[in-house]
*Asks:* 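I have a structure I would like to understand better, so I am pasting it below and will then ask my questions one at a time.
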Protein chains: 2
Amino acid sequence: MLTIGTLAKKTGTKVQTIRYYEQIGLMPEPGRTEGGQRRYGDAELDRLSFVRHARQLGFSLDAIRELLDLSDHPGKSCAEADAIARRQLKQVEQRLARLEALRTELKRMVHECSGGQTSDCRVLEVLRDHSECLTDHEEIGA
Amino acid sequence: MLTIGTLAKKTGTKVQTIRYYEQIGLMPEPGRTEGGQRRYGDAELDRLSFVRHARQLGFSLDAIRELLDLSDHPGKSCAEADAIARRQLKQVEQRLARLEALRTELKRMVHECSGGQTSDCRVLEVLRDHSECLTDHEEIGA
DNA sequence: TTACATCCTCTAGCTACTGTAGGTTCAAGC
DNA sequence: GCTTGAACCTACAGTAGCTAGAGGATGTAA
């Protein structure tokens with residue numbers, strides 16, 4: 001039986017985060033000691049590991065919820081899980097493309113900084129000037 | 001004189017976002033009509049363009065605040081602006097590295113999906129198994 | 001004058017946590 | 001059995017950066 005702190009350490013999660021996952025229904029309500037402290041078993045360890053791994057891969061909590069649901073029902077078609085992963089891959093590739101363009105622009109900015117006064121600072125100038133901008137009015141995904 | 005809606009369209013910003021920027025002090029309080037509606041001039045258009053461009057490049061609102069402050073004081077050293085841009089570039093490069101690793105793993109997941117039932121779905125299996133994980137307990141930036 | 005798009009303020013909600021306050025429980029050592 | 005201190009508990013507030021909605025006022029063109 002694991003305390004919440006041990007579970008946290010084993011999965012690289014903060015204690016509060018585990019309680020938060022419980023609150024939003026991503027983790028089940030665990031057993032408690034007489035004094036009211038949470039105690040976890042291996043099933044919970046596995047589940048939390050799954051969640052954390054998926055989070056590291058950039059899956060949203062909603063997507064993880066779906067994936068957990070799928071893995072809880074082994075008879076279901078694999079196609080759904082595959083679709084989620086594909087959607088995720090697509091997003092990652094979009095972000096990559098965007099970030100690569102950003103890197104180029106940032107490199108240019110940094111490269112051209114002459115070290116003088118802000119009045120002739122390229123960094124500020126580039127930000128003021130949209131003409132060389134990648135795209136209009138697009139957002140970057142953090 | 002521009003209405004807030006026109007300014008929004010010109011900069012690709014939502015009206016609410018402009019009001020939000022005003023609220024947090026990133027945009028100045030504009031003039032108003034007798035009826036109390038906001039009216040903007042070219043200075044505000046420039047400032048908002050600057051902000052949006054910087055946001056597209058992934059700068060935080062705090063960083064943008066610093067940059068705006070620098071550009072408001074043309075006598076200051078360019079070094080600070082350069083430092084902010086360099087910090088940003090570093091972050092972008094870290095995210096890139098991380099995302100590239102993610103793409104590899106996701107591609108592997110998707111590739112190996114055989115199309116059967118979830119009980120033998122590689123996507124779920126990979127998420128259950130941390131052994132091939134990139135790094136332990138690291139976070140991804142959104 | 002009337003219609004209606006756009007504006008106003010205020011409040012709440014979103015994601016995915018993280019932090020704090022104030023109090024309780026557990027386990028080890030004596 | 002008692003003390004100590006780390007780890008636990010709940011509840012609530014705060015983070016970034018917006019976004020959405022309610023309910024009402026304003027501006028402008030026909």
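Throughout, a chain's letter reflects where its sequence line sits, starting with A, and its residues are numbered from 1. Note that the coordinates shown come from a computational prediction; the quantities given were computed from them, not determined experimentally.
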*Asks:* Which residues, if any, of residues 17-29 of chain B bring a heavy atom under 4.0 Å of DNA chain C?
*Replies:*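 The stretch gives B/Arg19 as the residues lying under 4.0 Å from the strand, ordered by number.
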
*Asks:* Are A/Asp72 and A/Arg47 close enough for a salt bridge, meaning some N to O gap below 4.0 Å?
*Replies:*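 Salt bridge flag = yes for A/Arg47 with A/Asp72.
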
*Asks:* Can you find a donor-acceptor N/O pair under 3.5 angstrom joining the side chain of A/Gln16 to the base of C/dG19?
*Replies:*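 Indeed there is one.
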
*Asks:* Assuming nearest nucleotide by heavy-atom distance, tell me which of B/Thr6 and A/Asp62 is located more 5' along DNA chain C.
*Replies:*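 Mapping each residue to its closest nucleotide by heavy atoms, the 5'-most match is B/Thr6.
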
*Asks:* Could you tell me whether B/Arg38 and B/Glu29 make a salt bridge, using a distance below 4.0 angstrom between a side-chain N and a carboxylate O?
*Replies:*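 Between B/Glu29 and B/Arg38 there is no salt bridge, as every charged N stays at least 4.0 Å from the carboxylate O atoms.
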
*Asks:* Determine whether A/Phe59 and A/Arg87 make a side-chain contact, defined as any pair of heavy atoms from C-beta on separated by less than 4.5 Å.
*Replies:*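 No. Closest side-chain heavy atoms not under 4.5 Å.
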
*Asks:* Can you tell me how far C1' of D/dT15 sits from CG of B/Leu61, to the nearest Å?
*Replies:*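 To the nearest whole Å, that distance equals 12 Å.
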
*Asks:* Taking for each residue the nucleotide of DNA chain D bearing the nearest heavy atom, is the 5' side occupied by B/Phe59 or by B/Glu34?
*Replies:*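 Here B/Phe59 is the residue nearer the 5' end.
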
*Asks:* Distance check needed: D/dG24 C1' versus B/Gln37 CD, whole Å only.
*Replies:*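 Rounded to the whole Å, the gap is 13 Å.
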
*Asks:* For A/Gly35 and A/Ser60, take the nucleotide of DNA chain C holding the closest heavy atom to each; which residue's nucleotide lies nearer the 5' end?
*Replies:*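 Here A/Ser60 is the residue nearer the 5' end.
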
*Asks:* Counting just side-chain N and O atoms, does B/Lys14 come under 4.0 Å of either OP1 or OP2 of D/dG17?
*Replies:*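 For D/dG17, neither OP1 nor OP2 has a side-chain N or O of B/Lys14 closer than 4.0 Å.
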
*Asks:* Between A/Arg32 and D/dT10, is there a side-chain N or O to OP1/OP2 distance below 4.0 Å?
*Replies:*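 Checking D/dT10 against A/Arg32, a side-chain N or O does come within under 4.0 Å of OP1 or OP2.
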
*Asks:* How close or far is atom C1' of C/dA16 from atom CD of A/Gln56, stated in whole angstroms?
*Replies:*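 Rounded to the whole Å, the gap is 15 Å.
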
*Asks:* Salt bridge between B/Asp82 and B/Arg86, side-chain N to carboxylate O under 4.0 Å?
*Replies:*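 Between B/Arg86 and B/Asp82 there is a salt bridge, with a charged N closer than 4.0 Å to a carboxylate O.
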
*Asks:* Side-chain contact, heavy-atom cut-off 4.5 Å: A/Leu124 with B/Phe50?
*Replies:*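 Contact flag for A/Leu124/B/Phe50 side chains = yes.
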
*Asks:* Can any side-chain N or O of A/Ser49 pair as donor or acceptor with the backbone N or O of A/Leu45 at less than 3.5 Å?
*Replies:*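 Yes; at least one donor-acceptor contact below 3.5 Å.
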
*Asks:* Could you tell me how far apart B/Leu7 (CG) and C/dC7 (C1') are, to the nearest whole angstrom?
*Replies:*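 It works out to 14 Å between those atoms.
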
*Asks:* Between C1' on D/dA16 and CD on B/Gln91, what's the gap in Å once rounded to a whole number?
*Replies:*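 The distance from CD of B/Gln91 to C1' of D/dA16 comes to 13 Å, rounded to the nearest Å.
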
*Asks:* If we ignore hydrogens and angles and just use 3.5 Å, is the side chain of B/Gln88 paired with the main-chain N or O of A/Leu106 as donor and acceptor?
*Replies:*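 The answer is no, because no donor-acceptor pair under 3.5 Å joins these two groups.
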
*Asks:* When you check the phosphate oxygens OP1 and OP2 of C/dT9, does a side-chain N or O of B/Arg38 lie under 4.0 Å from one of them?
*Replies:*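 B/Arg38 to C/dT9 OP1/OP2: side-chain N or O found under 4.0 Å.
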
*Asks:* Could you tell me the separation between the CG atom of B/Leu48 and the P atom of D/dC18, rounded to a whole number of Å?
*Replies:*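 Going from CG in B/Leu48 over to P in D/dC18 covers 11 Å.
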
*Asks:* Quick check for you: among C/dC7, D/dC18, D/dC9, whose closest atom lies nearest to any side-chain atom of B/Val15?
*Replies:*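 Nearest to the side chain of B/Val15 among the choices is C/dC7.
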
*Asks:* Ignoring backbone atoms, test whether B/Thr33 places a side-chain nitrogen or oxygen under 4.0 Å from the OP1 or OP2 oxygen of D/dG27.
*Replies:*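 True: B/Thr33 side-chain N/O within range (under 4.0 Å) of D/dG27 OP1/OP2.
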
*Asks:* Roughly, in whole Å, what's the span from CD1 in A/Ile4 to P in C/dT24?
*Replies:*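 One finds 19 Å between P of C/dT24 and CD1 of A/Ile4, rounded.
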
